[in-house]
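What follows is a short report on a single structure.
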Protein chains: 2
Amino acid sequence: MIRIMLVDDHTMVREALCSMLEQDKTLKVVSAVGDGETALRLAAELAPTVVVMDVALPGASGIETTRRLLARHPEIKVLALSTYLDRRIVQQMLDVGASGYIAKSAAGVELRQGIQNVVAGRSYLCSEVAALVADGLRELAAAGGKHDTNALSRRETQIATLLAEGKSAPDIAAELHIAPSTVDVHRRNLMRKLDLHNVVELTRYAIRTGLVLP
Amino acid sequence: MIRIMLVDDHTMVREALCSMLEQDKTLKVVSAVGDGETALRLAAELAPTVVVMDVALPGASGIETTRRLLARHPEIKVLALSTYLDRRIVQQMLDVGASGYIAKSAAGVELRQGIQNVVAGRSYLCSEVAALVADGLRELAAAGGKHDTNALSRRETQIATLLAEGKSAPDIAAELHIAPSTVDVHRRNLMRKLDLHNVVELTRYAIRTGLVLP
DNA sequence: TTCCAACTACCGGCTTCCGGGTAAGCGAAG
DNA sequence: CTTCGCTTACCCGGAAGCCGGTAGTTGGAA
């Protein structure tokens, strides 16, 4: 019996996934929670075999939650589940230790396969994501394998969030008690790191990662 | 036996909802499709009692799909299902004839209640949405009940989409073979209609309505 | 200790955004 | 036929975005 914890901020989706997974009698959903904090709190006592983690979570994102969860419970397998297909996000989830990544556009059977695979100690990417990662490898090879300094600093993440909420640089400067020019520097740096070229792209990135809600 | 058609662009969610709803033996999911065109095509032959429609659909949004569906099949009840809580969007769905609106953050039981209610000819809003609409009424009363000319024209929708894709006004002008100043006029008009004040807010609105993907 | 990444701050310059106005052509609805 | 909404197009001006550069401080890692 595989013990599963579901983490997804939409109650409806959580209940529905639970209902779908429990059709399979070898699976048992021991917990279904809506945010990262609760997941971390309950993981110790419920000892799930697999955590199915939505990437876009309010507050701490699924990425940060996964990092913290695996730091405390390295024996738990994390299977990422996401609405969005973005190579950077897949990369980050795998970097923090997720064993697999399933798109919500994939069929339900891919989720069950993913669970079986990660429990068996293997990695699993749904087909669409696998294609995406393959493209990424090809691009990386073409670019001569130069280092992607992807991870944003704390300040950059904060600035990205506020910009994606629709605030202007001067507004943010006032809110954080720093100079507008400094906000500008952070914006430029984070946009260069992520290869974004205007606030609209930044906004969409922030939404995909769950940094802000649409 | 209530015949249900599910419309949601995420296969995983579609299958999961199907699984959840069919726990109830009085419900029968006769079709589960991923886009508006298919829904319109299959509605005639399958004759569902209720269509559970995700608002954010690729291509034609759930709003447009609902309008066209009810124009051809006024006897079908449409129950909107959405990730987002936005008064303007709720308003638009109800304007085009939806009988109810359920947030994905609501519990599964609200969806089942919604289905039962709309089949019985009543309207149904999940509690969060009901609160939202009540707030809207209060604001409307405070504003003296002035007319909200909310609906966007075809051109405005097009401009909104392109802006939310990260294109600049000059880019869009070139793409559509019109003057940049004209793009600007459409931008200003649509932003005034929707009470948005910068492209970031516009982007998030476009994402909420499914005009663009994040 | 040395080094590097992060945070802070400023300069300049060009482009774009955003809000305000005006106005003409055109097709549908009244 | 008149009116109304949509689309087209232009004017202006202040604010902000976007990109390039330089540079001081600080705190932690090698």
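Predicted, not measured: the structure shown is a model, and the values here were computed from it. Protein chains get the first letters and strands the later ones, always in sequence-line order, with residue 1 at the start of each.
Regarding contacts with the backbone of C:dT8, a side-chain N or O of A:R155 is found under 4.0 angstrom from either OP1 or OP2. The shortest distance between the side-chain N/O atoms of B:T182 and the OP1/OP2 oxygens of D:dT8 is not below 4.0 Å. At C:dT8, one or more side-chain N or O atoms of A:H186 fall inside 4.0 Å of OP1 or OP2 (strictly under the cut-off). Contact annotation: B:S153 side-chain N/O to D:dC6 OP1/OP2 distance is not under 4.0 Å.
In this structure, A:K167 places its NZ atom 18 Å from C1' of D:dG17, rounding to the nearest Å. For the pair A:L190 CG and D:dC18 P, the interatomic distance rounds to 11 Å; values are reported in whole Å. Regarding A:I159, its CD1 atom lies at a distance of 7 Å from the P atom of C:dT8, rounded to whole Å. In this structure, the CG atom of A:L176 is 12 Å from the P atom of C:dC7, given to the nearest Å. In this structure, the CE atom of A:M191 is 10 Å from the P atom of D:dG17, given to the nearest Å. If you take NE2 of B:H197 and P of D:dA15, they are 17 Å apart, rounded to a whole angstrom. For B:N189 and C:dG19, the CG to P distance is 12 Å, given to the nearest whole Å. Between the C1' atom of D:dA16 and the CG atom of A:L163 lies a distance of 12 Å, rounded to the nearest Å.
Among the protein residues, B:S168 comes within range of the sugar-phosphate backbone only, with heavy atoms under 4.0 Å from sugar or phosphate atoms but none that close to a base. As judged by a 4.0 angstrom heavy-atom cut-off over every strand, B:R154 is placed among residues touching the sugar-phosphate backbone only. Residue-level contact check: B:V199 touches the backbone only, with heavy atoms under 4.0 Å from sugar-phosphate atoms and none from bases. Within the 4.0 angstrom heavy-atom criterion, base atoms lie near B:D184. Across all strands shown, B:P170 has heavy atoms under 4.0 Å from sugar-phosphate atoms exclusively, and none from any base.
Distances were taken from every side-chain heavy atom of A:E156 (C-beta onward) to each of C:dA9, D:dC19, C:dC7; the shortest belongs to C:dC7. Taking every side-chain heavy atom of A:R188 into account, D:dG20 is the closest of C:dC10, D:dA9, D:dG20.
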Verdict with reasoning, B:L57 to B:D35, per side-chain contact (heavy atoms from CB on, under 4.5 Å): CA-CA 6 Å; B:L57 291 178; B:D35 63 279; over 6 Å; no
From CA spacing to verdict: side-chain contact (heavy atoms from CB on, under 4.5 Å), A:T11, B:E110: CA-CA 11 Å; A:T11 307; B:E110 295 232 49; over 6 Å; no
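Applying side-chain hydrogen bond (donor to acceptor under 3.5 Å, both in side chains) to A:D86 and the options A:Q92, A:Q91, A:R208, A:R204 leaves one that passes, A:R208. Applying side chain to side chain contact (heavy atoms under 4.5 Å, CB included) to B:V96 and the options B:E64, B:R67, B:R68 leaves one that passes, B:R67. Among B:H186, B:R192, B:R187, the single residue meeting the side-chain hydrogen bond (donor to acceptor under 3.5 Å, both in side chains) criterion with B:N189 is B:R192.
Position along DNA chain D of the nearest nucleotide to A:V185 versus A:N198 favours A:N198 as the more 5'-ward residue. Comparing A:D171 and A:R192 by the nucleotide of DNA chain D that holds the closest heavy atom to each, the one mapping nearer the 5' end is A:D171.
Using a cut-off of 4.0 Å between Lys/Arg side-chain N and Asp/Glu carboxylate O, B:D54 and B:K104 are scored as salt-bridged.
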